[in-house]
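Notes to accompany the following structure.
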Amino acid sequence: MYYYIGLGVKLSLAFLSIQMYSYSMGGAVQGQFDLGEKISILAGAAKFDASCASSGSDGKAGKGGFGASIPAGICHSWTEDGRCVSLLKVLFSNVCRFDCAYCVNRVSADTKRSSFTVNELVELTCEFYRRNYIEGLFLSSGIFADPDIVMEKLIETAKKLRTEAGYGGYIHLKIIPGTGEKLIREAGLWADRLSANIELPTDKSLQTLAPQKSGKVIFGAMDDFSGLSSQFEEDRRRIKSTPAFAPAGQSTQLIVGATEEDDRTIIKLSGSLYHKFSLRRVYYSAFIPVGVNGRSGIPDPRLPDIPGPPLVREHRLYQADWLMRFYHFNAAEILDEGSPFLDPHLDPKTAWALKHPDFFPVEISRADYEALLRVPGIGAKTARRIIETRRSRSLTFDSLRRLGAVMKRARYFITCSGAFIDKIEDPRRVRRLLSDQDGAGLQLPLFEF
Ligand code: SF4
């Protein structure tokens with residue numbers, strides 16, 4: 001998550017009133033920081049929330065040049081259709097009463113503490129938006145007071161943006177754990193999306209690493225959201241003037257690798273969240289060991305000692321999640337008790353195909369949409385194109401390629417009018433050919449499907 005302090009941001013800091021103040025919130029003493037420093041502290045404190053992926057650089061222009069970049073403030077997030085959007089991603093405050101072992105803002109961490117005011121955040125969002133730095137705001141907070149009081153601050157910011165500043169951009173608000181239904185309702189009137197982070201997949205893990213959090217409370221918030229969303233939808237069908245309630249739905253985040261749960265447990269949980277609370281997205285965040293990548297604080301003895309974030313595992317979980325959301329797989333099909341972890345060397349769809357040779361080959365000229373979706377190398381769009389095209393003409397391997405099939409993968413799993421390109425005679429050979437060459441060290445594509 002970065003924003004660029006080139007000419008543009010120098011201008012933006014000039015128009016923002018730089019305020020120096022310090023006050024005590026939640027018992028923590030906060031330093032005196034100007035607005036630029038606050039952005040740096042409170043955007044840095046928000047960057048471990050995985051709802052946005054980001055990239056950037058840290059440096060400044062040489063002699064005679066102009067422009068520099070610092071690691072704070074703006075992250076890049078991808079919409080469902082693959083569009084990249086920039087969000088101002090910050091915390092309202094990084095003062096927190098909780099002591100979640102994996103979090104740089106936990107009460108026991110030795111870190112600079114600061115908070116925005118509502119007016120500062122409104123002004124910052126509007127000015128960044130007007131200058132095209134961002135397309136939206138992603139606002140969370142440490143729990144510096146009673147959850148309802150913290151949530152009220154987030155809501156006040158969103159409401160002021162909408163009603164006083166006339167801001168029509170995207171707003172994503174976190175639901176602070178313990179917030180009541182009334183405030184979730186209020187938040188949904190001003191925000192496009194709300195999210196309550198589960199963080200860890202089981203109550204046992206929450207008790208170990210985030211003892212003040214409870215699965216029951218977090219699921220309760222998701223349930224409240226889901227009930228309110230259906231109620232608003234129903235009302236809108238009957239009464240046209242009913243306002244929209246968080247039209248971009250709700251999402252959550254799960255940290256991967258901080259506790260011992262296997263991928264099967266994580267995928268099953270995600271599957272049930274999509275099913276039960278109609279979540280739009282579950283985000284997976286590879287656990288970043290404390291001290292790595294500039295994360296501050298003394299390592300917490302409750303955390304595992306791992307050399308670096310399990311990024312390949314995170315990537316495979318996103319692929320498995322994609323299979324559930326767009327390829328009609330259910331969690332139990334992707335992983336079973338006997339092999340509860342995703343293969344780091346194979347994408348989960350290919351791994352499933354190699355485990356189910358009885359399902360293949362799929363005959364392209366006859367197979368239904370569901371069967372086509374199961375073929376590695378054939379995506380949802382290509383499957384639809386195949387069905388559409390074969391109504392008017394017969395398909396060949398060449399035409400399949402033109403329709404978007406990745407034949408390097410699909411060739412082992414299909415027939416075209418009874419003909420094979422490559423028959424799976426030795427699944428181990430196919431596995432070898434389709435494996436990532438270099439396992440864990442590989443740079444993996446973001447949109448493999
Ligand atoms: S509640 Fe936990 S995860 Fe959230 S800011 Fe506080 S310590 Fe971090």
Side-chain angles (χ1 to χ4, degrees), residues 1 25-30 38 41-52 75 89-116 121 138-154 157 172-180 183-184 187 194-203 205-222 251-259 282-303 309:
M1 142 188 41
M25 207 184 229
V29 176
Q30 301 182 67
K38 280 190 187 185
I41 294 168
L42 293 164
K47 72 182 173 188
F48 296 99
D49 199 314
S51 305
C52 311
C75 74
K89 182 173 165 186
V90 286
L91 297 187
F92 186 89
S93 171
N94 69 341
V95 176
C96 192
R97 296 170 166 185
F98 283 20
D99 198 32
C100 308
Y102 48 80
C103 178
V104 70
N105 305 313
R106 66 189 187 278
V107 66
S108 60
D110 177 18
T111 189
K112 285 182 189 168
R113 305 279 174 178
S114 187
S115 303
F116 283 116
L121 268 176
F138 179 102
L139 183 60
S140 181
S141 183
I143 305 174
F144 56 80
D146 179 85
D148 277 353
I149 293 175
V150 181
M151 196 70 218
E152 275 166 8
K153 286 287 175 201
L154 306 193
T157 306
H172 178 159
L173 296 184
K174 279 279 162 221
I175 299 175
I176 302 300
T179 301
L183 288 180
I184 295 177
L194 299 180
S195 57
N197 281 358
I198 307 175
E199 312 284 23
L200 299 170
T202 61
D203 259 334
S205 290
L206 277 174
Q207 275 159 26
T208 312
L209 296 190
Q212 289 105 331
K213 286 187 176 169
S214 115
K216 202 172 153 206
V217 169
I218 298 161
F219 293 139
M222 290 179 180
S251 60
T252 193
Q253 167 183 271
L254 274 165
I255 297 172
V256 179
T259 46
V282 175
Y283 291 93
Y284 305 93
S285 171
F287 164 63
I288 299 175
V290 171
V292 173
N293 288 355
R295 203 168 182 186
S296 67
I298 299 162
D300 190 299
R302 294 171 288 174
L303 292 171

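Indexing begins at 1, ligand by ligand and atom by atom, following the structure's order. Keep in mind that what you see is a predicted model, and the values were worked out from it rather than measured.
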Q) Which part of C96 is near ligand 1, with near meaning a heavy atom under 4.0 Å away: side chain, backbone, both or neither? A)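 C96 to ligand 1: side-chain contact only, backbone stays beyond 4.0 Å.
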Q) What part of R97 sits under 4.0 Å from ligand 1 if we count only heavy atoms: the side chain, the backbone, both or neither? A) neither
Q | Passing candidate, side chain to side chain contact (heavy atoms under 4.5 Å, CB included) with L121, options L139, L154, L42 | A |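 Of the listed options, the one satisfying the test is L139.
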Is a side-chain donor or acceptor of [X] paired with a backbone partner of [Y] at a separation under 3.5 angstrom?
{"X": "K89", "Y": "A43", "value": "no"}
{"X": "T252", "Y": "I198", "value": "yes"}
{"X": "N94", "Y": "N105", "value": "no"}
{"X": "D148", "Y": "G180", "value": "yes"}

Q.
Students should be able to answer this: which protein heavy-atom is nearest to atom 2 (Fe) of ligand 1, and at what distance?
A.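 Of every protein heavy atom, C100 SG, 2.3 Å lies nearest to atom 2 (Fe) of ligand 1.
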Q: Around atom 3 (S) of ligand 1, find the nearest protein heavy atom and jot down its residue, atom name and distance.
A: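 So the nearest neighbour among protein heavy atoms is K213 NZ, 3.5 Å.
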Q: Check each atom of ligand 1 against the heavy atoms of I143 and keep those under 4.0 Å away; list them by number with element.
A: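 Answer for ligand 1: 1 (S).
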Q.
Under 2.8 Å from atom 6 (Fe) of ligand 1, can any N, O or S atom of C103 be found?
A. no
